[in-house]
Every structure is written in structure tokens, then in C-alpha cells.
Amino acid sequence: MAVIEVENVTKVYKIGAQETHALRGVTVSFEKGEFTALVGPSGSGKTTLLQIIGCLDKPTSGVVRIQGQDVTRLNANGRAELRKKLIGFVFQFFALIPGLTAYENVEMPLLLNGEKPAARRERVKYLLEAVGLGDRMNHRPDQLSGGEQQRVAVARALAARPLVVLADEPTANLDTANGQQIMEIMQRLNRETGVTFLFATHDPRVVAHARRVVQLRDGKLVEENGAVLAADRREAAPAH
Amino acid sequence: MSQLWKIAYRDLLRSRRRSLLTLLAMVIGVTLLIFMSALYKGVFDGSLKMAIQLQTSHLQVRAESYDADQVSLLWQDLLSDPAGLTRQIEAIPGVQAAAPVLWANGLVLSGEESVGVTVNGVEVQSPLLDPIRQAVVAGTMPAPDDRSGVLIGARLAELLDLHVGDTVVLVVSTSNQTTDQAPFTIRGLYDTGVGQYDEVNVYLPLAKAQAFTQVGERASAIRVLLDDRENAEAFAAAFRAPGLTVLTWRDLNRLILDSVDASLVFTNLLNLIVLGMVAVVIANTLLMSVFERTREMGILAALGMKAHQIMGMFLLEAAMLGAAGVAGGLLVGGSIVYYYSKVGLEFPQAIIESKASNMITYGRLLYTSFAPEQAFMLTLLALVIVLVVAVYPAWFAARLEPVQALHGK
């Protein structure tokens, strides 16, 4: 069953009189437990699509359903509630809260979800150990390497037991070894928890980890697992 | 809600320097407010106390026709049997002391110099004269039967270059509306710390003053000290009789009491300025905090924090800072006020006198007096102002779009 359904989604940014079409009618769905790479060059619309699926932004038109619920109809509070309960984020720039320790950063979604202290402790420890940071819990972001910070971010994304983790270029700011390690951790956690992972990247080494690859170009879905999509073929075919 | 408290508390702790600076501003502001209110209260309480001790007492019984402004010595304006009336008043429970006093306008002549004075004919052994007796800095008080001795202020002595044992000529108005003069030996000098009082008041034994001014055994008034000044109105009502006027310390110190009311405008303005400064510092800190933490707001929004929770978090931070600042300010301000209420605050006499009107008499030291009601109102106001000024930064943070905030925009 599809946990995320994207139907004919467009996104137009207006800057003054100029319109930029970030997404041009994207339709795609993702099943529970998928480990999918969203690929495409810069400006192809990967980040915009992730933000719309993650309820951080609203589409100009089209429908996004998460577990069958049309999230485009939700107001800001409804979207925030949905993010809190169902979605975990991993960002390119790590996005940890400075000044809070690794433990406190991972604990934050649990605090927002009103989890009890004992449950929070257990969950945070489990996740930080799962990403190999059991001995770095009390370190602040500025005391952690980039790879360690991103591992904390992965642990935080999974803290509230989300339905889906959306990762935007999770390895872009990491060296090869750390990037590899992050992908392996995400892969393992995907297997162990059954959480759907959807990550945007243009790094072929990262794409190699994905079980499914969806390609975007100029705001449109053009290829899936190497197969050029019908709409794209029509566009690519010479005029008769 | 408890989660928000925890997040806000954690945020204050991790931004220690910013939190401490804001806290410091609050503590200084509240300390200033408390100290200023205590200083004003101390000045007016002290001034009132001094006026009561030196001049007015708690009650004055006078003849109904007595005109204090004219310092009348006409027989019909004076009390005819002050000794008898004093005995009656002294016998009443709740009366600490009572004594007749005779006032007359006069001049002290010394060589070519002369200074206008008020001659106070007093029962020198009365407890009512304790403040003057304690203020004697050279020589002694004249004895009750001293017919040629006078006590003058050290300030007057300084002006006329007089010393204990010197002779001066005292000129007084008399009851038959002429003047009389006689030489007097300076038996002692007193210094109350209120220069403008010491300069214009001289003391004679009552009997000598009565004889000198030709009023027989009459007196201008009977000064009464009560155990509790708050009972003055009730005693005044009880003492009233045909032909007599009874004035309370409130009636007699109307100028000081009115000055307290009038100065409220000024002190409130000062308080507002201090509160305004605190408000600007807090608003600035919180706004800076929002700008610095824009991306963090985006992260929190991405994690599912709602706009009203973000707003609540900022308001809670402000409330915690405000509460801690108020508590710290109360502690620091309270301690300073307590210290100066015991030790007193020394101001150069010239400054004190330049601020003093004829009626408002400050001593050499200004003692602070904690004003609990005003301190409560001011600290409450400080707390409310902190919360009010925090609303805009909090609202600003709450309305950030998650996507833009994540990019620090």
C-alpha cells in the first residue's frame, strides 16, 4: 500500500513578476518500507518535492496524500502536527540545534510529542547507540565531526517513530567515508524499523544504495529505475 | 506545556551569556526602581519625622484665634492656662509627653550683624526637647530657671562667629506689639543636621521667654507627643473644646504630605524611564535572539513545533528571565535598601539644602525606607512590561515560514 501519493503536483515560485516552475505536474507514490533515491541535477525540483511531501511547503496545485490523508488541505497547525507524528527530516547542513547535546537534540521530537521521561531516555539511548554514538551523547554539535552530527540528525529523524524519513542531500557535506557510513546506517535502520526512506541526492555512490531510483529533471519525473517514463518519451520523440 | 517550559529553560541555559546579560539588565532595573522608591520614601519619612520632632509634634493645642503666620503674641490669641491644660493632657493614656511652647519673632544682634530668628520658649526638661538636647554640640541647654541664657544653632553661631559664653543681644516682639531687647549669654550650640532650621531657631527657658515677651504665663501652644501618631485624629477630637483649636501632625505638615503627592508625578516619570530602558534592553535581546535563531526556529518547525508553541516558548523564556530578574532585583535592591536604612546615605549639605524647601527638612544623612507596596507594584509592572515587549519578537518568530527559516531567511 502506498504511504505517500503525489498527484500532479506543481509548484510555482513568484519573485516579482517572474515565475519559476519548480515542479511541473509530478505524480509518484511510495510504498511502506521503501528506500528510494530522488535524483536529478541541481534545480530539478528534488528539494521542493521533499519539502512538499514533508509538509514544510504547500504545492501550487495537485494533491499529496500521506496514509490516505490529503495534506494539502491542512492548515499550518495541521501540517506541523503531521510532521511531528509522521515525518522525520535529515538535512544537508545537519540542522542540529546548537548548544544542545546530541542527547538533547534527539530528545527534542520526543519532548514535542509529550513522551514520558523514562520512555524518552530509553529511546534516545537506543537510537544514539544504533548510529554508533553511544559514547558521544553529551557532546554538543560543535564538539562532533560532520559525520557524527549527521548521525545524530538521523537518530533524531527516527526518534518519534515516523512513517517516513525525508533526507535532503544527506551526504553532500560529508567526505566519502562518512557519506558511506551514513548511507549504511540509514539502510540498516530502514531494514530494521520498516520506516520509508526517501532521499534526494545527485551523488552516484549514494544512489547505489537505493532500492528504487526516481529521477527528476526541470520539475518533472523523467525516469524510474532507469526506465524513461511515458510522458517523457512522448516529449523526447521527434515530431511527426 | 511542561515540555515548552523545559525547552525554554534549556534554551536559556545554553545561551548563558545572553541570558545573563538580560538578567543583569533586569536586576539593575528592578534594583534601581526599588532603591529610588525607598530613597524617596526615606527622604519624606525622614523629613516628616524631623519636622514632627523639631517643630510640630503629633498634636498642637492652640487658642482658636491664634495666627501662626503672624506668630501672634496678643493675650487673646494665646492659651491662658497652659500649665493646667498640659497636666490634663499628660494624664490621658496614650499621651507620651506634652509641654507648652511660646513662639516669638526676634532678632539676634552681634556686633554689626543681625539675623532674624524664631524664639522658642520651651520647658527645657520636657521629653519633647529630647531631639534638641541630643543635638547639643557645645555647652549645655539653659537650665529652667536660667534668666539670661540662650541656646542657639551651631549654624547661626558660625554665621555670626559666636561661641559658647559669648553674649548676644536678642530683640523680640512683645504682647503689647512693641519690641524689647536684652543681652543673653550663649549657653550652648545645637546641630540637628538641618542647617536651615538651626540658623533661625533659638531656645529660651519658657519662664524667661514669657517674661521677655510680656505674656504672663501664657503660651502659644501645647505640643503633644502620642504613643502612636496614627491615633492623632481621635485624640484631636477628644481634646477639642470651645475656644481651642487642635491640629494634628497631618494638618501641621500639610506641605510635606502634599509634596509627597506632587513628587509622585516626578518619581513615576523616573520609574517609567527606568522601566522603559529595561523594556528596550529586553526587547532588543529577545529580537536579537530571534534573528540569531531563525534557522533553529525552522528546525523546530520541521520537527513539528507549532507557531503558537514557538511563540509560547519565547514568551516563557521572557517570563523566566523576567521572574529571575525581578527576584534578583528584589534581593539586590532590598539588600541595598536595608543597608542604607541602617547606615544612612551621606549627601553634601549644600545639595540637601538646595533641594529643601522651608518646610522639608532633611538631616545630614538620608535613610532609605523600604516601600513594600510600591516595590510590589513596580516589580509587577516590570514583569508585565517584559512580557509585553516579548510579544513582538515571539510573534515574529512564530510567523516565520519553516522553509525560509531553515535557510536562515
Side-chain angles (χ1 to χ4, degrees), chain A residues 11 13 22 47-48 50-52 54-58 74-101 103-117 120 140-142 153 156-157 159-160 162 165-168, chain B residues 1-22 285 288-314 316-317 320-321 394-409:
Chain A
K11 181 70 186 178
Y13 294 107
T47 297
T48 305
L50 283 186
Q51 286 170 348
I52 286 173
C55 297
L56 288 172
D57 205 353
K58 290 182 90 167
L74 294 174
N75 61 16
N77 274 348
R79 292 199 302 275
E81 187 67 21
L82 198 118
R83 287 195 297 273
K84 190 169 76 177
K85 301 270 187 230
L86 300 181
I87 299 166
F89 290 96
V90 179
F91 297 101
Q92 179 183 339
F93 50 81
F94 318 139
L96 299 180
I97 296 176
L100 294 189
T101 62
Y103 182 98
E104 289 165 339
N105 265 288
V106 177
E107 190 190 23
M108 188 61 82
L110 300 170
L111 268 176
L112 290 173
N113 274 293
E115 293 246 5
K116 294 211 159 52
R120 289 203 304 264
R140 291 192 308 272
D142 59 359
R156 183 182 63 187
V165 170
L166 304 173
D168 189 8
Chain B
M1 190 67 179
S2 64
Q3 319 304 337
L4 274 188
W5 275 107
K6 185 160 188 173
I7 295 169
Y9 173 69
R10 211 177 252 182
D11 188 62
L12 287 177
L13 280 190
R14 77 187 164 90
S15 313
R16 278 193 182 83
R17 190 183 302 170
R18 188 175 57 214
S19 303
L20 280 175
L21 283 175
T22 314
T285 311
M288 288 300 291
S289 165
V290 172
F291 290 142
E292 278 173 22
R293 291 159 60 193
T294 301
R295 223 172 80 177
E296 190 182 314
M297 296 302 109
I299 297 167
L300 289 170
L303 295 180
M305 193 180 253
K306 292 169 186 157
H308 71 265
Q309 289 175 314
I310 290 175
M311 188 161 175
M313 186 182 73
F314 270 90
L316 283 177
E317 283 181 27
M320 280 191 262
L321 272 178
W395 172 81
F396 188 87
R399 62 185 275 277
L400 289 168
E401 283 295 329
V403 171
Q404 284 163 338
L406 274 167
H407 291 93
K409 292 176 188 167

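We name chains A, B, ... by the order of the sequence lines, and we start the count at 1 in each one.
Here the CG atom belonging to L112(A) is positioned 7.0 Å from the CG atom belonging to L300(B), to the nearest 0.5 angstrom. To the nearest 0.5 Å, the span separating CD on Q404(B) from CG on D57(A) amounts to 8.5 Å. Between the CG atom of D168(A) and the CG atom of L406(B) there is a distance of 10.0 Å, given to the nearest 0.5 Å.
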Determine, step by step, whether I299(B) and R156(A) satisfy the side chain to side chain contact (heavy atoms under 4.5 Å, CB included) criterion, reporting the C-alpha distance in whole Å, the side-chain angles of both residues, the deciding distance to 0.1 Å, and the verdict. CA-CA 11 Å; I299(B) 297 167; R156(A) 183 182 63 187; 3.5 Å; yes
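Residue contact with chain B, scored on non-hydrogen atoms closer than 4.5 Å, is absent for R140(A). For a residue to count as touching a neighbouring chain, one of its non-hydrogen atoms must lie under 4.5 Å from one of that chain's; by this rule P98(A) touches chain B with backbone and side chain alike. Both the backbone and the side chain of E104(A) come within contact range of chain B, judged by heavy atoms closer than 4.5 Å.
Heavy-atom proximity under 4.5 angstrom to chain B picks out N77(A), A80(A), E81(A), R83(A), K84(A) from residues 76-85 of chain A. Of residues 89-96 of chain A, those residues with a non-hydrogen atom less than 4.5 Å from any non-hydrogen atom of chain B are, in numerical order, F89(A), F91(A), F93(A), A95(A), L96(A).
Considering all non-hydrogen atoms of both residues, P402(B) and L56(A) come closest at CB-CD2, 3.8 Å.
Heavy atoms from other residues, nucleotides or ligands lying under 6.0 Å from OH of Y13(A) number more than 12.
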